[in-house]
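If you're wondering where the values come from, they're calculated on a predicted model, not measured in any experiment.
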Amino acid sequence: MEQDRLLGLPPVIDPSCRTVVLGSMPGALSLSKQEYYGHPRNHFWKLLYAIFGGPSSEGEAQNMPSDRYEARLAFALSHGIGLWDVLAACEREGSLDAHIRKPEANDFASFFNEYPAVRRVFFNGQAASELYRKQVLPRLRALRIGENIAYAALPSSSPARAMALEAKLLSWQELGAKSKE
């Protein structure tokens with residue numbers, strides 16, 4: 001049975017970002033909404049706000065994610081965090097990374113040349129880390145691109161990752177510590 005080819009989302013980043021969080025490929029709901037981490041049970045935005053929360057410029061607490069997607073993106077960027085995925089395209093039934101077939105990686109050589117301030121890459125889950133290691137790193141190494149970038153894998157924020165938010169937050173605190181360097 002032929003599956004439709006899924007296309008990922010464009011990166012969310014600005015030239016001042018020093019950190020990028022990479023997922024594998026957005027889930028079905030995120031793709032339909034055209035939003036990173038758009039599934040209401042995904043912990044990503046709760047984790048990000050728990051790590052970087054504090055008073056907003058309007059003086060209100062920011063430890064709960066905004067209902068507005070644009071505000072959540074602005075929050076990430078204001079803390080030097082960019083978002084993208086390892087894959088530009090793939091075939092997949094449903095949303096599970098285990099069902100990814102025919103993966104096609106994003107062009108990270110061009111990405112790192114366009115955003116030279118990036119010094120840290122965090123993988124949102126082991127699948128993203130493995131896909132990057134297999135699909136991306138060999139080309140970057142051959143081109144000698146990204147040799148000064150530090151990498152770390154974090155537990156997946158996906159609801160498919162059976163782990164309490166509090167336990168994920170302990171590992172994800174590394175994102176906050178590293179982002180301030």
Side-chain angles (χ1 to χ4, degrees), residues 8-27 30 35-57 60-87 95 97 105-106 108 111-112 114-133 135-137 140 145-181:
L9 303 175
V12 174
I13 189 165
D14 67 37
S16 67
C17 288
R18 295 179 50 81
T19 302
V20 176
V21 176
L22 295 177
S24 52
M25 180 68 156
S30 294
E35 294 183 2
Y36 280 102
Y37 309 105
H39 193 291
R41 290 192 351 238
N42 191 298
H43 288 149
F44 178 80
W45 295 110
K46 289 179 183 174
L47 290 164
L48 202 65
Y49 276 73
I51 294 165
F52 294 108
S56 71
S57 58
E60 55 194 51
Q62 285 191 310
N63 42 359
M64 287 303 294
S66 171
D67 291 337
R68 292 183 20 258
Y69 180 62
E70 295 77 18
R72 293 193 305 267
L73 294 180
F75 182 82
L77 291 172
S78 75
H79 292 285
I81 308 292
L83 307 175
W84 207 18
D85 287 299
V86 175
L87 299 182
S95 294
D97 289 335
N106 275 308
F108 283 92
F111 179 81
F112 290 131
E114 187 171 348
Y115 299 101
V118 173
R119 291 290 177 263
R120 289 167 300 280
V121 171
F122 287 90
F123 298 104
N124 187 350
Q126 205 56 43
S129 178
E130 286 300 308
L131 284 164
Y132 189 89
R133 185 180 61 78
Q135 301 279 326
V136 177
L137 265 184
L140 292 181
I145 294 173
E147 295 175 322
N148 57 349
I149 295 174
Y151 297 97
L154 301 171
S156 175
S157 65
S158 168
R161 173 73 157 106
M163 184 179 198
L165 174 64
E166 296 77 18
K168 289 179 185 180
L169 183 57
L170 288 174
S171 294
W172 277 72
Q173 289 294 338
E174 184 180 357
L175 177 69
K178 298 280 186 182
S179 293
K180 294 179 176 94
E181 290 178 1

**Prompt:** Are the side chain of D85 and the backbone N or O of L9 linked by a donor-acceptor pair below 3.5 Å?
**Reply:** no

**Fill in**
Residues S24 and A128: closest non-hydrogen pair is N-CB, 3.7 Å

**Message:** Just to verify, what does A74 make a side chain to side chain contact (heavy atoms under 4.5 Å, CB included) with, not counting sequence neighbours?
**Reply:** none

**Asked** Do you know the tightest heavy-atom contact between A117 and P15?
**Response** CB-O, 3.5 Å

**Request:** Could you tell me the separation between the CD atom of Q135 and the CG atom of L140, rounded to the nearest 0.5 Å?
**Result:** 12.0 Å

**Message:** In the structure I gave you, are the side-chain heavy atoms of V20 and F112 within less than 4.5 Å of one another anywhere?
**Reply:** no

**Message:** Quick one, L131 and L22 - any side-chain contact, counting heavy atoms below 4.5 Å?
**Reply:** no

**Request:** Measure the shortest side-chain to side-chain distance between V86 and M25 over non-hydrogen atoms and say whether it is less than 4.5 angstrom.
**Result:** no

**Request:** Specify whether W84 and F108 have parallel, tilted or perpendicular ring planes, treating 30° as the upper limit for parallel and 60° as the lower limit for perpendicular.
**Result:** tilted

**Message:** Assess the residue pair I51 and L169 against the criterion (side chain to side chain contact (heavy atoms under 4.5 Å, CB included)); give the C-alpha distance rounded to whole Å, side-chain angles, the decisive distance to 0.1 Å, and a yes or no.
**Reply:** CA-CA 8 Å; I51 294 165; L169 183 57; 3.7 Å; yes

**Request:** Considering non-hydrogen atoms only, spot the tightest contact between T19 and R120 and give its length.
**Result:** OG1-NE, 3.1 Å

**Item:** Aromatic ring proximity, centroids under 6.0 angstrom, F44 and Y36
**Value:** no

**Request:** Please tell me if the side chains of L83 and L73 come closer than 4.5 Å, counting only heavy atoms from C-beta onward.
**Result:** yes

**Message:** Check this for me: D67, atom CG, are more than 12 non-hydrogen atoms of other residues, nucleotides or ligands nearer than 6.0 Å?
**Reply:** no

**Message:** Looking at every heavy atom in both P155 and S171, which two are closest together, and how far apart are they?
**Reply:** CD-CB, 3.5 Å

**Item:** Flag side-chain contact, heavy atom, 4.5 Å: F122 against E174
**Value:** yes

**Item:** Smallest separation among heavy atoms of V21 and L175, with atom names
**Value:** CG2-CD1, 4.0 Å

**Request:** Give the ring-plane orientation class for Y49 versus F75, where under 30° counts as parallel, over 60° as perpendicular and anything between as tilted.
**Result:** parallel

**Fill in**
CZ of F123 to CD of E130, rounded to nearest 0.5 Å, is 9.5 Å

**Request:** Could you tell me which non-hydrogen atom of F111 sits nearest to which non-hydrogen atom of P11, and how far apart they are?
**Result:** CE1-CB, 4.0 Å

**Prompt:** Between V118 and I13, is any pair of side-chain heavy atoms under 4.5 Å apart?
**Reply:** yes

**Request:** Only counting residues at least two apart or in another chain, list the ones meeting side chain to side chain contact (heavy atoms under 4.5 Å, CB included) with L165.
**Result:** H43, K46, L47

**Worked verdict on Y151 versus L137 for side chain to side chain contact (heavy atoms under 4.5 Å, CB included)** = CA-CA 11 Å; Y151 297 97; L137 265 184; 4.1 Å; yes

**Prompt:** When rounded to the nearest 0.5 angstrom, what distance separates CG in L154 from CD in Q126?
**Reply:** 10.0 Å

**Message:** Are N124 and W172 packed together at the side-chain level, in the sense that at least one heavy-atom pair is separated by less than 4.5 angstrom?
**Reply:** yes

